[in-house]
Structure formats: structure tokens, C-alpha cells
**Q** 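Quick one: the structure is below, questions incoming.
Order of the sequence lines sets the chain letters (A, B, ...), proteins ahead of strands, with each chain counted from 1. Source: prediction; values computed, not measured.
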Amino acid sequence: MTENTQHQNSSVPEPELPKTYAPAEVEGPLYERWVDRGYFAADAKSEKPPYTVVIPPPNVTGSLHLGHAFEHTLIDALTRRKRMQGFETLWQPGMDHAGIATQNVVERELAKEGKSRHDLGREAFVERVWQWKNESGGQISGQMRRLGDGVDWDRERFTMDEGLSQAVKTLFKKLYDDELIYRAERIINWCPRCLTAISDIEVEYQDDEGELVSVKYGEGEETLVVATTRAETMLGDTAVAVHPDDERYAHLIGKRIKLPLTDRSIPVVADTHVDPEFGTGAVKVTPAHDPNDFEIGQRHDLPNIAVMDEHAVITAHGPFQGLDRLEARSAIVGALRAEGRIVAEKRPYTHSVGHCSRCKTTVEPRLSMQWWVKVGPLAKAAGDAVRDGKVKVHPQEMEKRYFDWVDNLHDWCISRQLWWGHRIPVWYGPNGEVVCLGPDDEEPTGEGWTQDTDVLDTWFSSGLWPFSTLGWPEQTESLEKFYPNSVLVTGYDILFFWVARMMMFGLYAMDGTPPFHTIVLHGMVRDQFGKKMSKSFGNAVNPLDWMDKYGSDALRFTLARGANPGVDVPIGEDWVQGSRNFANKIWNATRFALMNGATVEGELPPAERLSATDRWILSRLNSVVAEVDAYYEDYQFAKLSDALFHFAWDEVFDWYVELTKTTFQEGGQAAEDTKRVLGEVLDVTLKLLHPVVPFVTETLWTTLTGNESLVIADWPTAVSVPGADAPGGFRDEAAEREIETLQQVITEVRRFRSDQGLQPGQKVPARLTLDGTALAPHEAAIRQLLRLQPEGEGFAATATLPVSGATVALDLSGTIDVAAERKRLAKDLAAAEKEITAANAKLTNEAFLAKAPDQVVDKIRGRLSKAEADIERIKGQLDALPAA
RNA sequence: GGGCGCGUAGCUCAGGGGUAGAGCGUCGCCCUUACAAGGCGAAUGUCGGCGGUUCGAAACCGUCCGCGCCCACCA
């Protein structure tokens, strides 16, 4: 039996809502209802303006983590609000086949069975990966449903499904025909574990401790010393390079010297790439195993001698054959030492070494034939679109990173020696023919024709995502209606991998129309101490765990509340619990309202009949509506969540609800009016909260209003009150000030009560002198909130608090701790006097008066008069205290 | 080597020329008929150091110290 049913069993008549909010029971069925009713389905034929967001497709490597939950919360909030605002909203779901990542995962699974992919063969292996994809994909969509993602499931796509594969072929062919795709032998980054080429950005550099050894090359008089950290590659050296102006070596340039451990001799070439200051000023050149050396080799027409195979094992003949690169390094240094060629001791040397971003293996530069995208024109357009303001980047600081990248881009190696992915649509014929096939072309069947065995970089298909998901290359209605995307929400970590590629492909394929208007880059989710979340560190959290425990709304609200633009988001379980408490607070406040007859029926009461309390809350409500809208337009999720949190909890659920209790007790027209106002305030507040916390608000709002669903309700605009029409909606600054004063009075007396050790519930006789003050109408509320009884026969004013012109006299029946109160009042008095001194110092400072803006001067004057009033009040309180 | 950013309450972070803020945590009192997943009250910071600009600096500038991230063909 749950806690809720226990509460329901109590004898007090309960409203239809249980006492405690139980998210787990509510959320699942609600979501399915939303989907069944088609709320999230986007209609390409709609007359409404479109609002489109594609999901950054999660990799089908496993399940979603908190980072996805974060991203989805932001996108869902944006799209839910736009849907409520009357846009034809498409949040397009889907997943990414994630070539190398997924292949690695499945290979690891196979390894557990003691098999490799080669045991299965290409076809069976790919079949196996599809199986994995189906399982993983199911998990992911289950998590998205649990989160409440308002996606159009009928449009779910996968980067390897039929349509998207056609899009990939189409784009490849177009690029090929435009000579923006070519095949070339170059030095690429090779992962000897994944056994594939990877692109530049798939290499992660980190500082590794290496050793710099100095080796004497040549014989007799014709020797020089080179410094290297990679002695094992010397077997493939085809030159030594020195700077052309380096006099030390001038006599050797053009000569050949003996390469140690081999029977080859190699030339000494002059190349400006060499830094004479570094090491000995002479560099060994291994064109087949180093990108710089390769370029030197090109300039000097040097041969390329590869000495390692795809596993980074030495293939050169001799004693080193079969050693891997590290074994070979020490073996070769040992051999060189034996020959007396190590002229300086090994010296520790920290240098930056590239690692495979997927498996962390040290990358081996390797000469090989690969497919490339010529990025020059594409990157130029991608940069210009942002420079011209056609695409906005949020936060704007990230633009610089974007420009730095697209402006300095090297050609993109797109071929991968993998099995899982889009196979390169190029066929080779028996007589050296090379044919690139378009999507509708027949595959050649003749003798000797074979398709390229490589697949495309997974980011190639991701780059098409904003339009391939809409049916491109077909000119579909959806493409017409929903391209370009309104906004792209994604992490700054894939700005280059994905965002820049979408920009390049989108502009290229869609005739210069960028794929989205705005790029919103969010941070990474971290743990509550700001540490990166990772499975190996043990601080990774499955979002489902917290959703089960606290509800999806709680998780979503916590994430949204942490979403400051572009910065990382720490999250801890305590914080989710806090958000759960907020959801429960919303629940109970609405429950209170329902028990007291709050309603949304009929017009709001006319302004002249409304109490100051009602006018205050409506005025505040309208400020918050405006504030939340402004924050949404600026993608300030943390700000809007915080504003809603404080408005809802502090102002509505706390002050306003407490104040309505007196009104409801008294009944009459005032109570009827307040029921309507309370209903209105809740109606709007629940709507404002809905995009971030959709479930609890849906449950409460449908109960409150009897309407079908918040998902399709209208987004609130400023509330108007009959008889007080104003352009920006109803505002009442006088009422706001009046209630502020009321709050100050109540807080002051509460503090006094607390200081005096009076228990919160203890009734105290009191005389209130409120005549002629703005607080006069609030006497009943003041008495109720402060537990003040009417004065009795023997009333003695033992403590008097003159606040804002009113007087509250409490009969503390001689129990007052006079010494403590004097002490506290003395402290307050000192503070007020200090304030007066400070303010006077300013107001007599001519430089200040001359230069400070009027607003500031007025503020200081206000502060001065408040301090003066405080002193009067405090003196009054001191005088009213009985003698010790 | 280049670029960007950050150091504010015990923790995580907002703020940003005019009296220091939030959430969580801490302390005290309370089951006050929506909510103890709650209410009320309280405490807590020379806003990293040092200079400068200014009537006024936590905020702007310089510099130093400490962190983080991104980029780069440092043999």
C-alpha cells in the first residue's frame, strides 16, 4: 500500500486529489494519452507557422544518460511552449547509427563469446549490429517517453534507414560530381586497434611522457645528429632535413649519408619547416609515418617507405620484424646504442600525442588511400552564414570557436575501414573504371566490378539530418513546411563534429538555406561537485533511476534550473529531491484552491471590486508572464525556471494563498471574487510551468479547468481585468507596494514573536492601530497570519511595534525577554544609524551629487528616509518595552 | 605555442559600477484544518591577491596566483 492510499483512508473528506503527489503513477498513462491523441504529430498541411527542432540523434550504442535528459528537457520546453503559442510544431525524433562507436560495442559483445567480427564475416556481422540497434533503440525511445519528450513518433528516423541512405547517396554523388569529393593517398590518422582511418577531430591529443634520443646518422666525416621520440620509424627514413640557412649543415646539403641499421643511404635536404633551434637542428624524415615528413617528402620528391602494418607492427625485414611500435622503439634504441650511435643520453620529453577518441589507442599516422571532402567552399559558406547573421549562435561567445574552426579546416577524411555504416557508393571496374552511383543507378553487374569496401564517417549522414529526416532529396511537403529548423539545441562538445558539418551540407544541398536559424549550445551535465560524469569514475547516473524515485518533472525542473547558457550543469540527487518537493508544493497548493472553490469560469471581477491582495497578485502575475517570455526568447532556461519557482512558491503558494484564507473564511462577494482570481492565477501559473514540468501541471490543470489538455492549451498572455484595460495587461503598482508593506509588517512581528520565544501557534492578545494607514483593510489577515487575538479585558500594551505608520501592540503578559529585545533593537538601531551616516556622506558629497544620475541620488534619499523611519520605529519599540 | 572562460556563503552556482543573492546544507521553534516532500525565524561572505580608473569597484582596466576548456603539423 502506498502512502497516498493511506492518506485517502483518513476520515476527513478529501478532494479528488490525494494528499501527496505520486508522479510515477501519473506520468506514464498521461504520456501515452498525449501520444494517442496525436498532440505531438506535426502536420505539413497546417496553416500555422512552423516551428521545427530536430533531435540530436542519440547513438544507438546503449541508453540515454543525464546529458540527453538535459538536452531533451530544453528542447521539449521550447517546443511545448511554441505549440501552445499556436505554431505547427515538429520535434523530430530519431537515432544515429554511430558507425565506429556502435561497431566497437558490438565487437566487444562478440569478444565475450570469444569471437571477432571476422569469424562472422561482413554480412553476418552487420546483421548482428542491426539486432543490437533494435534493442538499444527500444531502450532509448522508452526513456524518451518516460521523460515526456513531445516528439512526433510517426516521423522517427534512423540514419541508416532506407530514406536516409538514399539521401546519403544523393549528397555523395552531388559532391562527387562537383569535385568536392575525391580519393587520394595521404597521411591519415590510423587507429591500430579499430583498424580504420579517423578524421582529424576524432583524434584527442594529450601530453605523454616520451624520450628524446639523439642519434648519429652517417659515417666518417659526413655525419650529423638527429633527435627523435620515435626511433622505430627510422627504418622508413628517406632523408634528413636541415634548415637551408643553417651553417652547421651547409656542407652536407645534397649529399647522401648512411642510415644506421640499414644498408641504405639517404639524402640531406634543406627545408624551411625545420626549426634550427630545436634539438640538433636536423630532422629525420619518414614520409610514410609522419604528416610533416610526408609534406617534406612531397617537396623533395622523396620515396615513401612504410615499415609498419595496420596493427602498428614492424614489417621491415631484419631483427625488428614482428615487434609492435613500442617494442621496436626500445629494440632499435638498443641496437643503435650497441653501434655507439646514441650520442646523448635519453632525455624525458613531454609532447602531445594523438589518441583515438573511441578507444584511446595511440594514433599512428599512416599513408593510405582514402576518400576526402574538399571543405574549402563548404566551410567558407558555413562561416559566412554566421558572419552574415543568417544563423545566430547562442551564447555568442561560442562564435569565435566556430570561426576558428571553419576558417582553418583541412579536408575531411570520410572513408572508414569499418563494416557498420553507409557503404561508399563507388564501384571499380575491371579496367580501372571508377564509377560513383547515384541513388537511382543500377549497380554494375559485369565481371570484375566491385564496390568500394569502406563505409562513410558516421558524421557524414549526421550532417544531412536536418533535411534528410524531412524526406530530402524528395521535395516533400514536410521539407517545404519544416525546413529550415527553427533552432538547433545541442552540446558545445559537438560544435565541430556535427553543427559545422550540418551547416556545410545544409547550405550546399539546400541552395544556400542554412539548416537552422539559431544554434543553442548547452553545457555538459556534471555531478554535484562539478566533476565530469563517467561510468569508470562511478558517478554516472541513469536518468531512469531518478525519474522512478522523484518523477520526470523533478528531474526536468532540476536540469532546466541549472541551464545557464553554454556552461556546464552540475546536478545532485538532493537537488532533484528539492524539485520533487516543488512539484508536491504545486500539487498541494492546487489542492487547496480546489477545496476552496477556486474557479476559471466567467470573467474576472471588475478592478474596482478587487481587493488590494487580488490586484497585487494579478499585477505580479503579469510581470512574471512577461519575464518568462523574455527569458524563453533568450534561451535562459535557468532564469525562467528560477523566476517561476520563486513566483509560484513564495508569492502565490505562500503569501497569496495564506492571505486568501482570511477572505474565504469571511465569505461574501470578496470570497467569490478571490475564488475567481485564485483560479486565474493558478491557471496561468500552471500554463507557464507546463513546458518544464508537463506532467504535474497537466494533471492539476485538467482537474482545475475541466479542459482536455494543457499540451494544446493557449500559452498565456498578460491578464486583463474588466474596468482596468491597459496595453500590457493589468498592472497595479500601488497594490504591489501595499502588499509589500503588509509583508514587512508581518515579517517584523513574526521576528519579534520568534525572538521572544513565542511558539508559532500561540495566540497572543493584541491591539492593532491601523486607522488611516494602507493596512487598515488587512486587519483580519494580519490577525490571522500572526495569531493575534482580540485584546481582552486586562490588555496591557507590553510591546508596541510601530510599522509603516501603523501600530501593533502585543500583550505578552510579562513574559517578554526585555534584555534580549533591547539587545536586538540596539543592534538594529546601530545599523540604521550607520546607514544614515553613509547616506549623508553621499548626499553632502558634491562630486557625487554632480555626477551621479538622479535615479541613484533618489535611491540614496529613499534609503536615508527609510533609515530615519526605522530609527523612529526602533525608538518606539524600545520605549514600549517594560523596564527590566 | 595560440584562443576562450572561471575563481562570490559549507557545497553548486546566479549577479554585475550605486546598501551582497538563490538552491541545497546549518541552527532554533512549530504536526497552525493544502502540503513535515511543510511553516516561521536565524546565522553565514575584507565577492582569489595587489595596483589603477571613478564621487563610488565584487563588477571596468592592468598585473600576479590558482583552476578549467578549446585549437595547433613542439622532430
Side-chain angles (χ1 to χ4, degrees), chain A residues 3 12 15 17 19-21 187 201 205 212 226-230 241 273-275 278-286 290-295 349-352 365 397-398 400-401 404-405 408 410 492-493 495-496 526-530 550 554 558 561-562 564 566-572 574-575 577-596 638-639 642 645-646 653-654 657-658 661 747 750-755 757-763 784-785 787 834-835 838-839 842 845-853 855-857 859-860 863 867:
Chain A
E3 209 179 334
V12 182
L17 299 173
K19 187 172 179 179
T20 300
Y21 177 50
I187 291 273
I201 48 172
Y205 288 89
L212 198 60
V226 301
T228 181
T229 55
R230 301 212 57 203
H273 169 75
V274 180
D275 173 9
F278 186 92
T280 59
V283 188
K284 63 190 272 309
V285 180
T286 325
D290 182 279
N292 292 317
D293 293 4
F294 181 75
E295 285 180 20
Y349 179 68
T350 303
H351 60 145
S352 189
E397 297 89 83
M398 290 287 181
K400 201 168 159 49
R401 270 193 202 186
D404 284 349
W405 198 72
N408 297 294
H410 295 185
Y492 61 71
D493 58 329
L495 179 62
F496 306 145
R526 293 170 174 267
D527 76 5
Q528 59 192 311
F529 305 110
Y550 304 109
T558 309
R561 211 174 170 197
N564 288 117
V567 297
D568 291 346
V569 188
I571 185 169
D574 286 354
W575 311 353
Q577 196 175 321
S579 299
R580 185 274 313 267
N581 295 354
F582 178 49
N584 189 54
K585 187 74 185 178
I586 303 171
W587 181 267
N588 273 295
T590 308
R591 198 162 150 266
F592 165 86
L594 291 167
M595 289 165 79
N596 285 282
K639 297 266 171 56
D642 201 56
F645 177 85
H646 285 291
F653 303 157
D654 183 348
V657 160
E658 288 304 321
K661 285 179 181 175
T747 302
R750 274 175 179 163
R751 183 165 72 146
F752 177 78
R753 286 186 56 127
S754 177
D755 286 350
L758 289 170
Q759 296 192 336
Q762 189 179 330
K763 301 264 170 52
Q784 167 139 342
L785 289 175
R787 315 281 150 191
K834 198 176 155 193
E835 177 68 31
K842 290 237 166 193
N845 181 334
E846 287 185 20
F848 169 75
L849 291 173
K851 294 187 181 179
Q855 251 181 321
V856 174
V857 177
K859 222 171 177 176
I860 305 279
R863 223 186 289 159

**Q** Examine the base of B:C35 for any acceptor or donor lying under 3.5 Å from a partner atom in the side chain of A:Lys585, and report the outcome as yes or no.
**A** yes
**Q** When you get a sec, tell me which of B:G15, B:C13, B:C35 is the closest nucleotide to the side chain of A:Asn584?
**A** B:C35
**Q** Checking contacts here: which listed nucleotide (B:A37, B:G18, B:A72) is nearest the side-chain heavy atoms of A:Ser352?
**A** B:A72
**Q** What is the distance, rounded to the nearest whole Å, between atom NZ of A:Lys763 and atom P of B:U32?
**A** 11 Å
**Q** Please work out if A:Arg580 contacts a base, only the sugar-phosphate, or nothing of the nucleic acid, heavy-atom cut-off 4.0 Å.
**A**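 Since a base atom lies under 4.0 Å of A:Arg580, the category is base.
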**Q** In whole angstrom, give me the gap between the P atoms of B:G28 and B:C35.
**A** 25 Å
**Q** Take A:Phe848 and A:Val857 through the side chain to side chain contact (heavy atoms under 4.5 Å, CB included) test and state the conclusion after the steps.
**A** CA-CA 8 Å; A:Phe848 169 75; A:Val857 177; 4.0 Å; yes
**Q** Can you work out whether A:Lys661 or A:Asn564 has the more 5'-proximal nearest nucleotide on RNA chain B?
**A**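 This one resolves to A:Asn564.
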**Q** A:Arg753 has an atom CZ; how far is it from atom P of B:G28, in whole Å?
**A** 20 Å
**Q** Mind telling me whether A:Phe496 and A:Trp405 have parallel, tilted or perpendicular rings, with 30° and 60° as the class edges?
**A** parallel
**Q** What is the separation between atom CG on A:Asn581 and atom C1' on B:G25, rounded to the nearest whole Å?
**A**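 Rounding to the nearest Å, CG of A:Asn581 and C1' of B:G25 are 14 Å apart.
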**Q** Nearest to the A:Asn845 side chain among B:C13, B:C55, B:C40, which nucleotide is it?
**A**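 Closest nucleotide among those given: B:C55.
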**Q** On RNA chain B, does the nearest nucleotide to A:Gly530 precede the nearest nucleotide to A:Ala852 from the 5' side, or the other way round? Give the residue.
**A** A:Gly530
**Q** Identify which nucleotide among B:G18, B:C11, B:C35 has an atom closest to any side-chain atom of A:Glu658, counting heavy atoms from C-beta outward.
**A** B:C35
**Q** Using whole Å, what does the distance between atom P of nucleotide B:C40 and atom CZ of A:Arg750 come to?
**A**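 Rounded to whole Å, this separation is 6 Å.
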**Q** Just so I know, are the side chains of A:Tyr550 and A:Thr558 near enough to count as touching, which here means a heavy-atom distance under 4.5 Å?
**A** no
**Q** Measure from the side chain of A:Asp755, starting at C-beta and using heavy atoms only, and say which of B:C40, B:G41, B:A34 lies closest.
**A** B:G41
**Q** Taking the C1' atom in each of B:C61 and B:C71, what is the distance between them to the nearest angstrom?
**A** 27 Å
**Q** Kindly say if A:Gln759 contacts the phosphate of B:C29, meaning a side-chain N or O under 4.0 Å from OP1 or OP2.
**A** no
**Q** Can you tell me, in whole Å, how much space there is between the P of B:G15 and that of B:C74?
**A**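 Rounded to whole Å, the distance is 37 Å.
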**Q** Scan A:Lys842 against the nucleic acid and name what it touches under 4.0 Å (heavy atoms): base, sugar-phosphate only, or nothing.
**A** base
**Q** Please state the C1' separation for the pair B:C50 and B:A57 - nearest whole angstrom.
**A**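 Straight-line distance between the two C1' atoms is 15 Å.
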**Q** Tell me what A:Glu397 touches on the nucleic acid: a base, only sugar-phosphate, or nothing, going by heavy atoms under 4.0 Å.
**A** nothing
**Q** Round to the nearest Å and state the distance from A:Glu846 atom CD to B:C55 atom P.
**A**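 Rounding to the nearest Å, CD of A:Glu846 and P of B:C55 are 13 Å apart.
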**Q** Choosing from B:G41, B:A75, B:A34, which nucleotide comes nearest the side chain of A:Phe653?
**A** B:A34
**Q** Please identify which of these residues, A:Asp290, A:Val274, A:Asp293, meets the side-chain contact (heavy atoms from CB on, under 4.5 Å) condition with A:Val285.
**A** A:Asp293
**Q** Among the nucleotides B:A34, B:G3, B:U12, which one has an atom lying closest to any side-chain atom of A:Val657?
**A** B:A34
**Q** Which listed nucleotide (B:G23, B:U19, B:A72) is nearest to the side chain of A:Arg561?
**A** B:G23
**Q** Heavy atoms only, 4.0 Å cut-off, all strands: where does A:Lys834 land among base, sugar-phosphate and nothing?
**A** nothing
**Q** Using a heavy-atom cut-off of 4.0 Å across all strands, would you classify A:Tyr205 as base, sugar-phosphate, or nothing?
**A** nothing
**Q** With A:Asp755, which residues qualify under side-chain hydrogen bond (donor to acceptor under 3.5 Å, both in side chains), at least two apart?
**A**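 side-chain hydrogen bond (donor to acceptor under 3.5 Å, both in side chains) list for A:Asp755, sorted by chain: A:Arg824.
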**Q** Within less than 4.0 Å of OP1 or OP2 of B:C4, is there a side-chain N or O belonging to A:Arg401?
**A** no
**Q** Please work out if A:Thr280 contacts a base, only the sugar-phosphate, or nothing of the nucleic acid, heavy-atom cut-off 4.0 Å.
**A** nothing
**Q** Rounded to whole angstrom units, what separation is found between the CZ atom of A:Phe645 and the C1' atom of B:A14?
**A** 14 Å
**Q** By nearest atom, which of the nucleotides B:C4, B:C35, B:A22 is closest to the A:Lys19 side chain?
**A** B:C35
**Q** Taking atom C1' in both B:C30 and B:U8, compute the distance separating them and give it to the nearest angstrom.
**A**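 My reading of the C1' atoms in B:C30 and B:U8 gives 34 Å.
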**Q** How would you label the contact of A:His646 with the nucleic acid (heavy atoms, under 4.0 Å): base, sugar-phosphate, or nothing?
**A**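 Sugar-phosphate only.
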**Q** With C1' as the reference atom in both, quote the distance from B:G3 to B:A42 in angstrom, rounded to an integer.
**A**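 Result for the C1' pair: 47 Å, nearest Å.
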**Q** Tell me the interatomic distance from A:Tyr492, atom OH, to B:G5, atom C1', rounded to whole angstroms.
**A**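 It is 10 Å, rounded to the nearest whole Å.
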**Q** Which is true for A:Pro853 with a 4.0 Å heavy-atom rule: it touches a base, it touches only sugar-phosphate, or it touches nothing?
**A** base
**Q** Between A:Trp587 and A:Thr20, does the side chain to side chain contact (heavy atoms under 4.5 Å, CB included) criterion hold? Intermediate values first, please.
**A** CA-CA 8 Å; A:Trp587 181 267; A:Thr20 300; over 6 Å; no
**Q** For residues A:Leu212 and A:His351, determine if any side-chain heavy atom of one lies less than 4.5 Å from a side-chain heavy atom of the other.
**A**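 SC-SC contact between A:Leu212 and A:His351 ruled out.
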**Q** Among B:G23, B:C55, B:C35, which nucleotide has an atom closest to any side-chain atom of A:Ala847?
**A**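 Selected nucleotide: B:C55.
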**Q** CD of A:Gln762: more than 12 outside heavy atoms within 6.0 angstrom?
**A**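 Yes, because the 6.0 Å sphere around CD of A:Gln762 holds more than 12 heavy atoms from other groups.
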**Q** If I pick the C1' atom on B:G49 and the same atom on B:G66, what distance separates them, to the nearest angstrom?
**A** 11 Å
**Q** A:Arg787 has an atom CZ; how far is it from atom P of B:C31, in whole Å?
**A**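 Nearest whole value for this atom pair: 12 Å.
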**Q** Reckon A:Val274 touches a base, only the sugar-phosphate, or nothing at all at heavy-atom distances under 4.0 Å?
**A** base
**Q** Kindly say whether A:Gln759 contributes a backbone atom to a donor-acceptor pair with the side chain of A:Arg753 at under 3.5 angstrom?
**A**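 Yes; judged by distance alone, with no hydrogens or angles, the pair exists.
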**Q** How is A:Ala241 classified with respect to the nucleic acid when contacts are heavy atoms under 4.0 Å: base, sugar-phosphate, or nothing?
**A**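 Nothing, no nucleic acid heavy atom in range.
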**Q** Distance check, C1' atoms only: B:C47 and B:C6, in whole angstrom units.
**A**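 The same atom, C1', in both gives a distance of 14 Å.
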**Q** In dot-bracket notation, what is the pairing pattern of RNA chain B, taking Watson-Crick (N1-N3 plus N6-O4 or O6-N4) and G-U wobble (N1-O2 and O6-N3) contacts under 3.5 Å, with [ ] crossing and | for other strands?
**A** ((((((((.[[[[.)..(..]]]].(((((.......))))).....[[[[[..)....]]]]])))))))....
**Q** Once you apply a heavy-atom cut-off of 4.0 Å, does A:Asp275 come out as touching a base, just sugar-phosphate, or nothing?
**A**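 Contact class for A:Asp275: base.
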**Q** Are A:Glu658 and A:Gln784 packed together at the side-chain level, in the sense that at least one heavy-atom pair is separated by less than 4.5 angstrom?
**A**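 Side-chain contact under 4.5 Å: no.
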**Q** At under 4.0 Å between heavy atoms, what does A:Pro291 touch on the DNA or RNA strands: base, sugar-phosphate, or nothing?
**A** nothing
**Q** Do A:Phe653 and A:Ile586 come close enough that some side-chain heavy atom pair is under 4.5 Å?
**A** yes
**Q** Can you find a side-chain donor-acceptor pair between A:Tyr492 and A:Asp568 that sits under 3.5 Å?
**A**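 Short answer, yes.
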**Q** Counting just side-chain N and O atoms, does A:Lys851 come under 4.0 Å of either OP1 or OP2 of B:G18?
**A**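 So the side-chain polar atoms of A:Lys851 never come under 4.0 Å of the phosphate oxygens OP1 or OP2 of B:G18.
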